[in-house]
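Here's the structure, in structure tokens; my notes come after.
Hydrogens, waters and symmetry mates play no part in the numbers below; they use all other heavy atoms, side chains included. Ligands are counted one by one from 1 in listed order, and the atoms in each one are counted from 1 as well. Please read all numbers here as calculations on a predicted model, not as lab measurements.
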Amino acid sequence: MSPAWTIPGFLEVRNQHLSINGVDAIELVKQFGSPLFVFSEPRIRHNIDRLKKAADAVDRPIKFCYASKANSNMAILKTVLESGIDVEVNSGGELFKALRVGFKPDQIIFNGTSKSDDEIDDAVRAGIYAINIDSVFEIGLVEQSVDRLRARGENVSPARITLRLVPEIGTRSHLGLQTALLTSKFGISSSEVLSAFRRGLQNPDKVHVCGIHIHVGSQTPDVEPFAEAFRSMWEHLVAIHRETGHTLEHINLGGGIPVNYLRDRTQADQLPEHERDMLGAELEPIEVLREALRVARESARAAGAEHLLDQVTILLEPGRSIIADAGLVLTTVRNIKTRPETEDVWLLTDAGYNIMLSMNNYKWYYHLISASRAAEGYDNDYKVAGPLCDSGDVYFDIEREGRLPDYRKLPANVQPDEVLALLNCGAYSLAQMFHYNGRPLPAAVLVRENQRVDQIRKRDTYEELIASDIW
Ligand SMILES: Cc1ncc(COP(=O)(O)O)c(C=O)c1O
């Protein structure tokens with residue numbers, strides 16, 4: 001029987017090795033070095049198709065804007081673009097990348113709590129689909145940007161803006177990944193929403209208020225927070241229409257569709273129940289859309305406003321659900337030691353938290369397998385750690401809060417040079433890497449249809465470690 005982490009046609013065991021869309025993981029390490037990020041183009045396309053099928057099933061205009069913060073490597077962005085969906089950016093840099101790779105301005109939305117004048121100018125000048133406004137103050141900043149650019153002789157249209165709300169909706173995800181709580185730093189609170197919309201409608205020659213937005217958080221395991229957020233936005237849309245006659249064009253339900261990090265549950269019983277529920281979530285995009293539309297339809301009927309609901313476009317900003325399970329990290333065991341006092345065997349790899357920050361700051365669980373002996377019995381316990389000079393660079397919970405298993409299960413007698421693989425590492429990893437300890441950042445490859453492999457990120461050199469230093 002195949003191990004539970006396998007996915008037919010994508011992640012398989014061939015000749016004892018891990019195989020990614022038919023490409024041998026060990027050969028990849030031989031060719032491109034270790035550690036190595038490996039992405040699958042067919043899997044990215046599969047994940048995007050799953051979203052499109054959900055849209056077809058609810059038969060609504062739905063605009064998917066890939067949350068590029070999850071992974072904005074240019075080849076990944078290009079794959080997303082070619083799959084026919086749009087993009088969400090979170091900074092001037094991500095806006096630059098999205099435009100450079102070929103997204104059209106009307107395919108781009110821009111979130112952010114602290115946008116600089118230059119970033120707003122870039123978004124206004126490009127004429128993007130929507131700038132998501134994070135505070136009442138920021139409406140004025142966008143108006144000033146329009147004035148500033150026009151004063152310079154630039155012929156810019158009124159900027160399209162969407163107001164981001166923070167309605168106090170909790171989820172069963174990590175606190176750091178919940179973004180609709182009043183204690184979070186994001187958005188405009190419910191008590192201020194109507195006055196914020198009135199403010200947004202004051203200068204239609206400068207800004208056009210086109211939508212409303214809530215992102216409840218990332219890795220949201222249940223459908224209810226999405227439905228509650230959608231209902232809340234829908235009710236504001238109706239209230240604004242009644243009060244001002246202005247009709248919002250879209251409701252943006254944000255990202256947060258979860259990924260099942262625990263397809264293989266062999267280590268799951270060591271995790272606390274709430275972590276298990278969150279990390280092992282199975283929530284189909286179709287369920288999210290159906291339930292959101294069901295509650296909105298109920299409310300629309302009661303308010304006699306079904307015609308408004310029929311006109312509205314729904315936006316989603318999926319990141320993790322597109323890229324997380326399409327990427328993995330291959331890492332090599334570089335050192336081994338035993339501790340006679342505890343009888344622990346320690347494996348020291350070349351993949352630290354500088355390339356997978358979530359493993360440290362959220363104690364995020366990435367399932368670990370042997371890529372060299374993929375189908376052997378996973379019956380032996382190892383302490384596993386990365387290469388950084390930091391006690392926290394370990395694959396268990398150094399704080400002893402049990403958020404990661406104390407030991408990782410691997411085949412017997414793992415030795416230096418064995419290649420391991422951390423699965424589901426495609427989101428919030430490559431995008432968050434840093435050079436700590438003078439470690440050049442790793443290469444990345446994209447496996448395409450027909451087993452073609454393209455390098456999509458070169459391995460940094462030592463020269464690049466000092467390229468920005470002035471000395
Ligand atoms: C505003 C916004 N939209 C979308 C996302 C993407 O979320 P996810 O990757 O969980 O789909 C995030 C990330 O948390 C976000 O902050």
Side-chain angles (χ1 to χ4, degrees), residues 44 47-48 50-51 54 62-72 76-77 80 85-91 94-95 98 108-115 123 128-135 138 161-167 169 171-181 184-188 211-223 225-226 229-230 233 250-261 278-279 281-285 288-289 292 314-327 357-358 361-362 364 424-432:
I44 297 172
N47 290 341
I48 291 176
R50 174 172 168 243
L51 292 166
I62 299 199
K63 189 173 167 74
F64 292 107
C65 297
Y66 168 65
S68 61
K69 68 171 79 66
N71 186 327
S72 64
I76 300 293
L77 290 182
V80 171
I85 64 168
D86 303 334
V87 72
E88 181 258 351
V89 300
N90 229 276
S91 66
E94 285 181 358
L95 174 61
I108 303 175
I109 55 177
F110 188 166
N111 275 297
T113 55
S114 322
K115 304 177 193 84
I128 65 173
Y129 184 81
I131 302 174
N132 290 357
I133 295 290
D134 197 71
S135 68
E138 208 180 49
I161 63 167
T162 294
L163 301 197
R164 177 168 182 173
L165 314 190
V166 59
I169 296 175
T171 77
R172 290 194 299 149
S173 189
H174 283 208
L175 269 181
L177 297 182
Q178 295 192 40
T179 47
L181 298 174
S184 96
K185 66 173 185 167
F186 297 99
I188 301 168
I212 184 164
H213 174 222
I214 296 175
H215 168 66
V216 291
S218 199
Q219 188 72 9
T220 301
D222 309 298
V223 79
F226 290 104
F230 197 82
M233 288 189 281
H250 73 255
I251 290 181
N252 180 342
L253 194 48
I257 296 167
V259 167
N260 183 357
Y261 289 82
M278 192 261 301
L279 290 164
E282 292 270 14
L283 181 58
E284 285 298 318
V288 171
L289 287 172
I314 299 170
L315 262 63
L316 286 180
E317 303 171 334
R320 197 183 288 281
S321 55
I322 289 178
I323 196 67
D325 72 3
L357 185 59
S358 297
N361 64 356
Y362 294 124
W364 203 266
N424 307 310
C425 299
Y428 306 106
S429 50
L430 197 76
Q432 299 182 336

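Those atoms of ligand 1 with a heavy atom of Gly319 less than 4.0 angstrom away are 8 (P), 9 (O), 11 (O). Within the listing of ligand 1, atoms 4 (C), 5 (C), 6 (C) sit less than 4.0 angstrom from a heavy atom of Ala67. Against a heavy-atom cut-off of under 4.0 Å, Pro318 is close to the following atoms of ligand 1: 11 (O). Against a heavy-atom cut-off of under 4.0 Å, Asn111 is close to the following atoms of ligand 1: 1 (C).
Taking each heavy atom of Asp86 and Val80 in turn, the nearest pair found is O-CG1, 4.4 Å.
Although no hydrogens or angles enter the test, the distance criterion places no donor-acceptor pair under 3.5 Å between the side chain of Glu317 and the main chain of Asn252. In terms of modelled atom types and a separation under 3.5 Å, the side chain of Ser173 and the main chain of Thr220 share no donor-acceptor contact.
Of all protein heavy atoms, the one lying nearest to atom 9 (O) of ligand 1 is Tyr428 OH, 2.6 Å. Ranking the protein heavy atoms by distance from atom 15 (C) of ligand 1 puts Lys69 NZ, 3.0 Å first.
Where the criterion is an N or O separation shorter than 3.5 Å, residue side chain and backbone included, Gly254 fails it with respect to ligand 1. Checked against a 3.5 angstrom limit, the closest N/O atoms of Ser218 and ligand 1 fall inside it.
In this structure, the ring of Tyr428 has its center no less than 6.0 angstrom from the ring center of Trp364.
With contacts defined as side-chain heavy-atom distances shorter than 4.5 Å, the pair Thr162/Tyr129 does not qualify. The shortest distance between side-chain heavy atoms of His213 and Phe186 does not fall below 4.5 Å.
Just one of Ile188, Val166, Thr113 meets the side chain to side chain contact (heavy atoms under 4.5 Å, CB included) condition when paired with Asp134; it is Thr113.
When the heavy-atom distances from atom 16 (O) of ligand 1 to His215, His213, Arg164 are ranked, the shortest goes to His215.
Under 4.0 Å from ligand 1, heavy atoms of Glu317 appear from its side chain as well as its backbone.
Close to ligand 1: Gly256, with a non-hydrogen atom less than 4.0 angstrom away.
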Where do Glu94 and Lys69 land on the salt bridge (charged side-chain N to carboxylate O under 4.0 Å, His left out) test, with the steps shown first? CA-CA 8 Å; Glu94 285 181 358; Lys69 68 171 79 66; over 6 Å; no

